[in-house]
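See below for the structure under consideration.
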Amino acid sequence: MRDDNCIFCKILNGDIPSRKVFEDDDFCVIMDVDPATKGHCLILPKEHYANLLAMPDELAARVLPLAKKVAAHLQETLGCDGINLVQNNGEVAGQTVHHFHMHVIPRYQGGNASDVTWSHSSFTDEEFDAILETIRL
Ligand code: AMP
Ligand code: ZN
């Protein structure tokens, strides 16, 4: 399944160049063209799924082990001191390319840890309880 308007589908199809780090039957790992740090990679499924919620469970279940493998490899080869896994779903969540991807971002001592951060919201105990009632699975 490919989406003709999707830049990652074009990369996976070979229509747009990329720097490929790893490939198996279902995934490709490429270097981010506008990296946060040295070695910033993206894990892409070869099939087009807009985001995590659109992905079949079996495929989604393979993402974390692959992210772990890539993270360990980046740590070994680049000597990074930490790794962020970031995965945005939807425009309001910061997703700009609507083909599922997971960022694997090496972090180095002296870098800016607050690069991956958010501002905080405050709720009363009653509000917390009401939210819990709404979201409890
Ligand atoms: P997100 O904001 O989570 O949707 O992340 C999209 C990521 O895709 C950004 O970090 C971009 O730098 C990256 N990106 C966009 N176009 C390309 C490309 N042609 N090759 C590699 N990475 C890309
Ligand atoms: Zn796509």
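Just follow the structure's listing: the first ligand is 1, and inside any ligand the first atom is 1. Just so it is clear, the structure is predicted and the values come from calculations on it, not from any experiment.
A salt bridge links Asp26 with Arg62: the distance from a Lys NZ or Arg NE/NH1/NH2 to an Asp or Glu carboxylate oxygen falls below 4.0 Å. A salt bridge links Lys46 with Glu23: at least one charged nitrogen is closer than 4.0 Å to a carboxylate oxygen.
For Asp24, the CG atom counts as densely surrounded, since its 6.0 Å shell holds more than 12 non-hydrogen atoms of other residues, nucleotides or ligands. In this structure, Asp4 places its CG atom where only 12 or fewer heavy-atom neighbours from other residues, nucleotides or ligands lie under 6.0 Å away. Heavy-atom neighbours of His40 NE2 from other residues, nucleotides or ligands within 6.0 Å: above the threshold of 12.
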Determine whether Leu74 and Val104 satisfy the following criterion, side-chain contact (heavy atoms from CB on, under 4.5 Å), listing intermediate values before the conclusion.
CA-CA 9 Å; Leu74 294 177; Val104 184; 3.8 Å; yes

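In this structure, the protein non-hydrogen atom closest to atom 8 (O) of ligand 1 is Phe8 CZ, 3.5 Å. Protein heavy atom closest to atom 17 (C) of ligand 1, with residue, atom name and distance, is Val33 CG1, 3.6 Å. Scanning all protein heavy atoms for the shortest distance to atom 10 (O) of ligand 1 gives Asp32 OD2, 2.5 Å.
Remark: ligand 1 atoms within the under-4.0 Å shell around heavy atoms of Thr96 are 1 (P), 2 (O), 4 (O), 5 (O), 6 (C). Near Leu42, the atoms of ligand 1 lying under 4.0 angstrom from a non-hydrogen atom of the residue are 8 (O), 13 (C), 22 (N). Counting the atoms of ligand 1 from 1 in the order shown, those under 4.0 Å from a heavy atom of Gln95 are 4 (O). Of all atoms in ligand 1, listed by their number and element, those nearer than 4.0 Å to a heavy atom of Ile11 are 18 (C), 19 (N), 20 (N). Applying the 4.0 Å criterion to heavy atoms of Met31 picks out, from ligand 1, the atoms 21 (C).
Contacts between Val86 and ligand 1, counted as non-hydrogen atom pairs separated by less than 4.0 Å, are absent for every part of the residue. In His101, the part holding a heavy atom less than 4.0 Å from any atom of ligand 1 is the side chain. In Asn88, the part holding a heavy atom less than 4.0 Å from any atom of ligand 1 is the side chain. Residue contacts with ligand 1, taken as heavy atom pairs separated by less than 4.0 Å, involve His103 solely via side-chain atoms from C-beta onward.
Atoms CD1 and CG, from Ile7 and Leu12 in turn, are 11.0 Å apart once rounded to the nearest 0.5 Å. Once rounded to the nearest 0.5 Å, the distance linking CZ of Phe27 with NE2 of His101 reads 14.0 Å. For the atom pair Asn13 CG and His48 NE2, the distance stands at 13.0 Å (nearest 0.5 Å). To the nearest 0.5 Å, atoms CG (Asn89) and CG (Asn51) are separated by 5.0 Å.
Taking a 4.0 Å cut-off on heavy atoms, His98 fails to register as neighbouring ligand 1. Residue Gly94 places a heavy atom less than 4.0 Å from ligand 1.
Counting only heavy atoms from C-beta outward, the side chains of Asp81 and Arg107 never approach each other to under 4.5 Å.
Looking at residues two or more places apart in sequence or on another chain, you find no salt bridge (charged side-chain N to carboxylate O under 4.0 Å, His left out) involving Asp129.
When only interatomic distances are considered, the shortest N/O to N/O separation between Val97 and ligand 1 falls below 3.5 Å.
Around the Zn ion (ligand 2), the protein atoms of type N, O or S that sit closer than 2.8 Å are Cys6 SG, Cys9 SG, His48 ND1, His99 ND1.
Ring-centre distance between Tyr49 and His99: not below the 6.0 Å cut-off.
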